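Read through the structure below, which is laid out as structure tokens, and then see the notes.
Nothing fancy with the numbering, it's 1 onward along the sequence. Quantities reported herein were computed from a predicted structural model and do not represent experimental measurements.
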Amino acid sequence: MMLNKIMPLFSIITINLNNAHGLKKTIESIFTQTFTDFEYIIIDGASTDESVTVIKGLEQKISYWISEKDAGIYNAMNKGISKATGMYCLFINSGDVLADKDVLKKVADAKPSEEIVYGDIIFAKNNSQQLSKQPDVPQIIYMIRGTIFHPASFVQLSVLKKTGGYDESFKIAGDYDFFVKTIIRDKVKTRHLSIVISVFDTTGISNNAINKNPEFEERARIHQRYFTHQQLNDAAIYSKLINSFSYRFVNFIERKTGIKALTKNLFKINYY
């Protein structure tokens with residue numbers, strides 16, 4: 001059932017499989033938002049636990065939901081995109097939560113217009129939390145070594161549809177493929193907001209140790225797709241610098257000399 005006739009600012013999409021407890025937390029964080037110009041879509045992969053019961057309990061507030069078997073994470077995400085009508089899509093999957101009740105208001109107040117607008121994220125495991133501040137500009141070296149994070153990123157629906165959504169040949173790194181493709185290859189406009197968007201549940205599939213080797217293999221495929229040999233080599237040199245001297249020392253050097261001067265002078269890198 002679709003509730004909104006006029007295009008909302010945000011389409012919030014949650015995919016879920018047998019995580020009723022996490023799904024309930026996620027839904028609660030969505031519906032306690034002070035900003036309400038959004039639609040909420042849930043794509044459930046035919047869960048056999050209490051997930052559907054949780055969804056039905058709040059059915060009147062949910063813009064669209066379905067529970068059926070899918071072909072994996074990115075197939076489910078693409079299903080959500082196909083039902084979205086908002087200007088920006090935000091994926092907050094079951095177990096993840098928005099950082100506070102004013103997150104959507106803060107983003108809306110920033111008057112976003114860029115294709116991808118992203119903020120910071122907190123990684124939660126057991127009773128510990130770690131803040132990850134994202135770069136103001138996601139340059140090539142950063143995107144080779146890391147990524148920006150889906151639960152903290154608002155992507156224009158038009159961009160998602162233009163690129164055909166997520167490559168379903170990937171099992172774990174399809175979101176990484178999407179961000180490299182759009183930011184590095186297509187050079188879409190991005191904007192970093194100094195706002196903590198979400199708290200990410202690190203018990204998910206991409207953080208499972210069993211999946212680390214497949215993830216590395218998929219990232220290697222993506223690197224070959226979008227980066228040159230020289231770019232990959234320069235990123236490897238930069239990684240060795242950090243590993244040799246520690247992040248704290250590199251941060252000190254950056255403050256004193258500037259990372260641009262450091263990389264240009266030592267490694268002749270002109271794209272960081």
Side-chain angles (χ1 to χ4, degrees), residues 7-13 35 37-38 74 77-78 80-81 84 86-93 96 98-99 102-123 131-167 170 173-200 206 218-219 222-223 225-228 231-232 234-235 238 251 254 258-260 263-264 269-272:
M7 175 189 290
L9 182 56
F10 304 124
S11 292
I12 303 175
I13 303 169
F35 182 85
D37 184 19
F38 67 87
Y74 301 108
M77 292 171 73
N78 284 337
I81 293 167
M87 181 177 293
Y88 286 93
C89 290
L90 170 67
F91 284 93
I92 298 289
N93 294 332
D96 303 337
L98 293 175
D102 292 320
V103 166
L104 297 184
K105 181 179 184 303
K106 293 172 187 174
V107 176
D109 287 348
K111 301 187 184 307
S113 61
E114 297 80 4
E115 285 92 339
I116 299 177
V117 177
Y118 61 97
D120 301 327
I121 192 169
I122 291 174
F123 291 97
L131 174 65
S132 176
K133 292 188 70 64
Q134 302 302 282
D136 288 335
V137 181
Q139 300 279 13
I140 287 178
I141 287 183
Y142 180 84
M143 292 301 293
I144 291 174
R145 299 177 62 250
T147 187
I148 61 175
F149 298 98
H150 246 130
S153 303
F154 297 79
V155 181
Q156 285 187 357
L157 178 60
S158 60
V159 173
L160 288 161
K161 291 190 172 182
K162 181 179 180 180
T163 58
Y166 297 95
D167 185 337
F170 292 103
D175 48 345
Y176 178 62
D177 174 77
F178 173 80
F179 283 129
V180 173
K181 177 168 53 182
T182 53
I183 294 172
I184 302 301
R185 187 194 71 181
D186 299 341
K187 295 179 171 52
V188 302
K189 292 181 180 179
T190 64
R191 181 179 170 195
H192 174 235
L193 303 176
S194 295
I195 299 169
V196 179
I197 303 296
S198 61
V199 179
F200 181 68
S206 63
E218 291 187 358
R219 286 179 70 96
I222 294 164
H223 288 170
R225 277 186 177 184
Y226 303 113
F227 299 110
T228 67
Q231 289 168 342
L232 294 172
D234 289 340
Y238 184 70
N251 288 337
E254 289 175 356
I259 186 64
K260 292 181 180 179
T263 53
K264 283 184 178 179
I269 297 171
N270 60 10
Y271 48 79
Y272 192 93

Set out, in order, the CA-CA distance, both residues' side-chain angles and the distance that settles side-chain contact (heavy atoms from CB on, under 4.5 Å) for Val155 and Thr182, then state yes or no. CA-CA 10 Å; Val155 181; Thr182 53; over 6 Å; no
For Asp234 and Ile140, run side-chain contact (heavy atoms from CB on, under 4.5 Å): C-alpha distance rounded to whole Å, both residues' side-chain angles, the deciding distance at 0.1 Å, then the answer. CA-CA 10 Å; Asp234 289 340; Ile140 287 178; over 6 Å; no
Dump the intermediate steps for side-chain contact (heavy atoms from CB on, under 4.5 Å) on Gln139 and Ile141, then the final yes or no. CA-CA 6 Å; Gln139 300 279 13; Ile141 287 183; 5.8 Å; no
Would you please test Leu104 and Ile12 for side-chain contact (heavy atoms from CB on, under 4.5 Å) and show each step? CA-CA 10 Å; Leu104 297 184; Ile12 303 175; 3.6 Å; yes
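Partners of Ser113 according to the side-chain contact (heavy atoms from CB on, under 4.5 Å) rule, which considers only residues two or more places apart in sequence or in another chain, do not exist here. Shown here are the side chain to side chain donor-acceptor pair (under 3.5 Å) partners of Asn78, two or more places apart in sequence or in another chain: Glu168. Under the side-chain contact (heavy atoms from CB on, under 4.5 Å) criterion, Ser132 pairs with Ile121, Phe123, Gln134, Phe149, not counting sequence neighbours. With sequence neighbours left out, Asp109 forms a salt bridge (Lys or Arg N to Asp or Glu O under 4.0 Å) with Lys105. Listed by chain and number, the residues in a ring pair (Phe, Tyr, Trp, His ring centres under 6.0 Å) with Phe91 are His150, Tyr166 (sequence neighbours excluded).
Listed by first then second residue, pairs satisfying salt bridge (charged side-chain N to carboxylate O under 4.0 Å, His left out) with a partner in residues 110-121 read Glu114-Arg191, Asp120-Lys133, not counting sequence neighbours.
Aromatic pair Phe178/Tyr74: centroids not less than 6.0 angstrom apart.
Here the side chains of Leu90 and Phe10 are not in contact, with every heavy-atom distance at 4.5 Å or above. Val180 places none of its side-chain heavy atoms less than 4.5 Å from the side chain of Arg185. By the 4.5 Å heavy-atom criterion applied to side chains, Asp96 and Ser198 are not counted as neighbours.
Using a cutoff of 4.0 Å between basic side-chain nitrogens and carboxylate oxygens, Arg225 and Asp177 are scored as salt-bridged.
Using cut-offs of 30° and 60° on the angle between ring planes, the pair Tyr88 and Phe154 is perpendicular.
Taken from OH in Tyr226 to CD1 in Ile144, the straight-line distance is 14.0 Å, to the nearest 0.5 Å.
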